[in-house]
Student: 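Here it is, the structure in full.
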Amino acid sequence: FIVFINMQTVYVDVPVEDIVDTVYDDAGLSDMKEYTATKLKADYGLNVNDYKGVAYYGYESVMDCETLLVVCLNDKSQGDAIIANISAKREELIKLFQSYAPDQYELLRNSVLVQKDKYILYIVSENAKEVEALFVDCITE
C-alpha cells in the first residue's frame, strides 16, 4: 500500500504565470504574443473569469497555428468541456490547413492536449513534447 501511494503523481499548486515562464523560455517560444481574453473567447469559447488562471499565446499570422494555452481550473470537472472545445477547434484547423499548409497541418496533428489534475495544456509547436515534459515538471513534486 505504501509503495502504491509513493507511485502516485503528486500535483502542486503553481500559478499559471510560473508555468508559462518556465515553458515559454525553455522551449524557445519567446517570440509568441500573449493573446487577450477576447481572443480566447472567440477562438475556444472560454471565459477567463471561469478559471483560476489562463495563459494564451500564439502568432498574429493566420498562416501560423502555433499556440500555447495553459488553463488552471477551479475544479477538475471543468476539464472535459474545455478539452472538447479545444479539440473541436483543432479538428477545424486540421481540415483547413490539410490542403494548403502541410507544415501547419503536421504541427496540429502532433500537438499536445492534456489535462493533469487541475491543469490543461494545449501546445501546437515543433517542440510540443518538450513543452509537455516541462509543463509536467512544473506541476509535479
Student: Using the salt bridge (Lys or Arg N to Asp or Glu O under 4.0 Å) criterion, which residues pair with E91? Sequence neighbours excluded.
Tutor: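 Counting only residues at least two positions away or on another chain, E91 forms no salt bridge (Lys or Arg N to Asp or Glu O under 4.0 Å).
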Student: Only one of V23, L68, I19 clears side chain to side chain contact (heavy atoms under 4.5 Å, CB included) with L121; which?
Tutor: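 Passing option: L68.
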Student: Scan residues 47-59 for pairs that pass salt bridge (Lys or Arg N to Asp or Glu O under 4.0 Å), counting only residues two or more places apart or in two chains.
Tutor: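 Every salt bridge (Lys or Arg N to Asp or Glu O under 4.0 Å) pair that includes a residue of residues 47-59, provided the two are not neighbours, is D13-K52.
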Student: Roughly how far, to the nearest 0.5 Å, is NZ of K33 from OH of Y59?
Tutor: 12.5 Å
Student: Would you list the pairs meeting side-chain hydrogen bond (donor to acceptor under 3.5 Å, both in side chains) in which at least one residue belongs to residues 131-140, sequence neighbours left out?
Tutor: none
Student: Would you indicate whether the side-chain heavy atoms of F135 and V112 approach each other to under 4.5 Å?
Tutor: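 No, side chains not in contact.
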Student: Report the distance from atom OH of Y105 to atom OG of S99, rounding to the nearest 0.5 Å.
Tutor: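 The distance works out to 10.5 Å.
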Student: Nearest 0.5 Å, what's the CG-NZ distance between L113 and K89?
Tutor: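 L113 atom CG to K89 atom NZ measures 14.5 Å (nearest 0.5 Å).
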Student: I need the minimum non-hydrogen distance between Q115 and G79, along with the two atoms involved.
Tutor: OE1-CA, 3.3 Å
Student: Rounded at 0.5 Å granularity, tell me how far CG in N110 sits from CG in N127.
Tutor: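 With rounding to 0.5 Å, CG (N110) is 12.0 Å from CG (N127).
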Student: Carefully, step by step, assess L73 and Y119 under the rule side chain to side chain contact (heavy atoms under 4.5 Å, CB included).
Tutor: CA-CA 6 Å; L73 309 170; Y119 295 93; over 6 Å; no
Student: I need the minimum non-hydrogen distance between V54 and V16, along with the two atoms involved.
Tutor: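 Closest pair (atom of V54, atom of V16, distance): C-CG1, 3.9 Å.
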Student: Quick one: side-chain hydrogen bond (donor to acceptor under 3.5 Å, both in side chains) pairs with a partner in residues 66-87, sequence neighbours left out?
Tutor: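 Residue pairs with at least one partner in residues 66-87: D75-S77, K76-D117.
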Student: Which heavy atom of V12 sits nearest to which heavy atom of C138, and what is that distance?
Tutor: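 For V12 and C138, the tightest heavy-atom pair comes out as CG2-O, 4.0 Å.
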Student: For K95, enumerate each residue passing the salt bridge (Lys or Arg N to Asp or Glu O under 4.0 Å) test, keeping only those at least two apart in sequence or located in another chain.
Tutor: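 Applying salt bridge (Lys or Arg N to Asp or Glu O under 4.0 Å) to K95 gives none.
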Student: Nearest 0.5 Å please: distance from the NZ atom of K39 over to the OH atom of Y44.
Tutor: 8.0 Å
Student: Minimum heavy-atom separation for V136 and K116, please, with both atom names.
Tutor: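 Shortest heavy-atom separation between V136 and K116 comes out as CG2-CE, 4.1 Å.
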Student: Verify side-chain hydrogen bond (donor to acceptor under 3.5 Å, both in side chains) between Y56 and D43, making sure each step is shown before the conclusion.
Tutor: CA-CA 11 Å; Y56 183 32; D43 289 350; 2.4 Å; yes
Student: How many angstroms lie between atom CD of E126 and atom CG of L107, to the nearest 0.5 angstrom?
Tutor: 6.0 Å
Student: Which pair of non-hydrogen atoms, one from I82 and one from V71, has the smallest distance, and what is that distance?
Tutor: CD1-CG1, 4.1 Å
Student: Closest approach of Y51 and C72, non-hydrogen atoms and distance?
Tutor: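 Scanning both residues completely, I find the closest heavy atoms to be CB-O, 3.4 Å.
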Student: Name all pairs fulfilling the salt bridge (Lys or Arg N to Asp or Glu O under 4.0 Å) condition that reach into residues 103-115, sequence neighbours left out, sorted by first residue then second.
Tutor: E106-R109
